[in-house]
Student: 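Structure incoming, see below.
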Amino acid sequence: MKVCRDVYWVGAIDWCEKDFHGFEIHRGLTYNSYLITDEKVALIDGVKHNFVRDQLRKVENYVKIEDIEYLVVNHIEPDHSGSIPEIVKRANPTVICSKIGKEGLEDYYGCEGWNFKPVKTGDKVKLGTKTLTFIETPMLHWPDSMMTWMDDGKVLFSMDVFGQHFAGSERFDDELGVGEAVKWAKIYYANVFMPFGKNVLNTVKKLRDLNIEPEIIAPSHGIVWRNPEIILKKYIEWAKFKSDKKAVIVYDTMWHSTEKLAMAIAEGIMSKGVKVRIFNVRKDAWTDIMAEVLDAKAVCVGSPTMNGTVFPSVAGFLTYMRGLKPKNKIATVFSSYGWGVGAYEEIIEVLKDMDFGIIEGLKVKFKPTEEELEVARELGEKIGEIIVER
Ligand SMILES: Cc1cc2nc3c(=O)[nH]c(=O)nc-3n(C[C@H](O)[C@H](O)[C@H](O)COP(=O)(O)O)c2cc1C
């Protein structure tokens with residue numbers, strides 16, 4: 001599959017995968033690898049180990065495996081480096097990666113006898129008519145991460161940045177539909193890059209400082225962007241936590257009391273013309289929830305008390321959300337209990353720790369009364385008003 005002149009997609013489509021290291025994906029994913037044919041041949045990234053034959057078969061459509069002179073490892077995570085030991089064995093290429101990338105590859109694969117060329121930002125390798133420039137992008141999203149820029153064709157091989165988990169026959173944003181591509185990219189951003197917004201903004205600046213203005217962005221997952229300005233703009237918005245007039249309500253429930261509070265709060269918020277998304281954390285994908293949290297102004301968390309503490313699924317979700325470090329949010333808590341304190345107080349502490357602006361919530365004993373449901377509606381109205389005013 002041709003990406004542009006002398007650049008070919010030689011990746012793999014993992015149609016059936018639904019669980020990517022605990023990251024729930026709905027439509028499979030791709031491991032993208034790109035072959036550049038010039039006087040010297042370069043291969044950008046590997047694929048997951050079980051797709052190595054698939055990748056090599058695609059490479060052989062254009063060149064012999066032994067002709068690969070340079071193997072660029074933009075990121076050492078096994079979904080991209082799994083096929084690399086086999087390629088090194090067959091082609092003995094110069095392996096180009098960051099210094100930390102080299103150390104990580106040695107930890108994973110031993111790398112006895114590999115011919116490494118560690119690179120820093122600004123280092124270049126000439127292939128013939130084309131020159132590759134490397135840009136270190138630490139903590140986007142691992143310390144080893146880097147990007148590769150090809151001057152001819154203005155292609156940025158951006159690694160996981162700008163990627164999406166989506167398996168399809170389409171290879172380009174305009175084939176899939178740009179809106180659809182952005183939808184998948186948002187889920188990916190929220191669940192992989194949300195904690196690293198500052199690094200995203202620094203990298204965008206670094207690219208500009210290096211006069212890198214891509215016409216094509218080729219990430220390591222999902223479609224290739226032939227409209228790079230759209231995804232660049234979105235990344236800047238997401239990194240700044242630009243928000244919508246929207247509240248996300250997440251909860252779990254055993255006997256529906258907490259759920260009744262969730263619905264009443266939602267009613268109150270909606271009455272102020274604010275969008276609401278409600279998720280049951282035991283039934284809905286956390287990846288989808290986080291994509292909505294990314295650009296929400298308020299997060300409302302509900303849990304029954306169970307065995308003196310937060311309901312396990314809610315506690316798990318809170319741990320996940322805390323790790324992703326969403327910013328600029330207000331939050332409230334609602335809870336049903338039977339005979340003692342527990343969930344409400346603990347969740348408040350977690351949300352305070354996350355620097356959310358806390359709006360006092362409510363807890364009810366067993367099933368909420370009509371009066372308590374009215375209090376929940378009023379709480380929703382208050383949250384709605386704050387969102388509208390902000
Ligand atoms: C297994 C189990 C353990 C519970 N443990 C506690 C507890 O430790 N403290 C408490 O106040 N209530 C406890 N409860 C009572 C629930 O908090 C109460 O029934 C609440 O209304 C449930 O809310 P829900 O309908 O949203 O599930 C427990 C209930 C169950 C089923």
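Order of appearance sets the numbers: ligands from 1, and atoms from 1 within every ligand. Sequence positions, counted from 1, serve as the residue numbers for this chain.
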Student: Identify, for atom 29 (C) of ligand 1, the protein heavy atom at the shortest distance, and state residue, atom and that distance.
Tutor: M254 CE, 3.6 Å
Student: Which residue in the set D152, D151, T37 passes side chain to side chain donor-acceptor pair (under 3.5 Å) when paired with K130?
Tutor: D152
Student: Using a strict cut-off of 4.0 Å, indicate which atoms of ligand 1 neighbour a heavy atom of T253.
Tutor: 24 (P), 25 (O), 26 (O), 27 (O)
Student: Please say whether W339 places an N or O atom under 3.5 Å from an N or O atom belonging to ligand 1.
Tutor: yes
Student: For N191 and Y320, run side-chain hydrogen bond (donor to acceptor under 3.5 Å, both in side chains): C-alpha distance rounded to whole Å, both residues' side-chain angles, the deciding distance at 0.1 Å, then the answer.
Tutor: CA-CA 9 Å; N191 289 278; Y320 186 62; 2.7 Å; yes
Student: Report the relative orientation of the aromatic rings in F196 and F193; use parallel for angles under 30°, tilted for 30 to 60°, perpendicular for over 60°.
Tutor: perpendicular
Student: Within the structure provided, determine whether I386 and K297 are in side-chain contact (heavy-atom separation under 4.5 Å).
Tutor: no
Student: Identify the protein heavy atom lying closest to atom 2 (C) of ligand 1, giving its residue, its atom name and the separation to 0.1 Å.
Tutor: M306 CG, 3.9 Å
Student: How far is atom 9 (N) of ligand 1 from its nearest protein heavy atom, and which residue and atom name does that atom have?
Tutor: T305 CG2, 3.3 Å
Student: Using a strict cut-off of 4.0 Å, indicate which atoms of ligand 1 neighbour a heavy atom of P304.
Tutor: 22 (C), 23 (O), 24 (P), 26 (O), 27 (O)
Student: Testing R390, K275, K329, K186 one by one against D244 for a salt bridge (charged side-chain N to carboxylate O under 4.0 Å, His left out), which residue passes?
Tutor: K275
Student: Below 30° counts as parallel, above 60° as perpendicular, anything between as tilted: where do the rings of H141 and H75 land?
Tutor: perpendicular
Student: Heavy atoms only: which of L261, T258, D252 lies closest to atom 26 (O) of ligand 1?
Tutor: T258
Student: What atoms in ligand 1 come closer than 4.0 Å to a heavy atom of G308?
Tutor: 7 (C), 8 (O)
Student: Of all the atoms in ligand 1, which lie at a distance below 4.0 Å from a heavy atom belonging to N307?
Tutor: 3 (C), 4 (C), 5 (N), 6 (C), 7 (C), 8 (O)
Student: Within ligand 1, which atoms have a heavy atom of G340 less than 4.0 Å away?
Tutor: 10 (C), 11 (O)
Student: Note the single closest protein heavy atom to atom 20 (C) of ligand 1, along with its residue, its atom name and the distance in Å.
Tutor: S336 OG, 3.3 Å
Student: To the nearest 0.1 Å, how far is atom 12 (N) of ligand 1 from its closest protein heavy atom, and which atom is that?
Tutor: G338 N, 3.0 Å
Student: Are any of the side-chain nitrogens in K99 or E103 under 4.0 Å away from the carboxylate oxygens of its partner?
Tutor: yes
Student: Tell me the contacting part of K367 for ligand 1: side chain, backbone, both, or neither, using a 4.0 Å heavy-atom threshold, strictly below.
Tutor: neither
Student: Only one of Q55, K58, H80 forms a side chain to side chain donor-acceptor pair (under 3.5 Å) with S33, so which one is it?
Tutor: Q55
Student: What class does the angle between the rings of H221 and H165 fall in, given that below 30° is parallel, 30 to 60° is tilted and above 60° is perpendicular?
Tutor: perpendicular
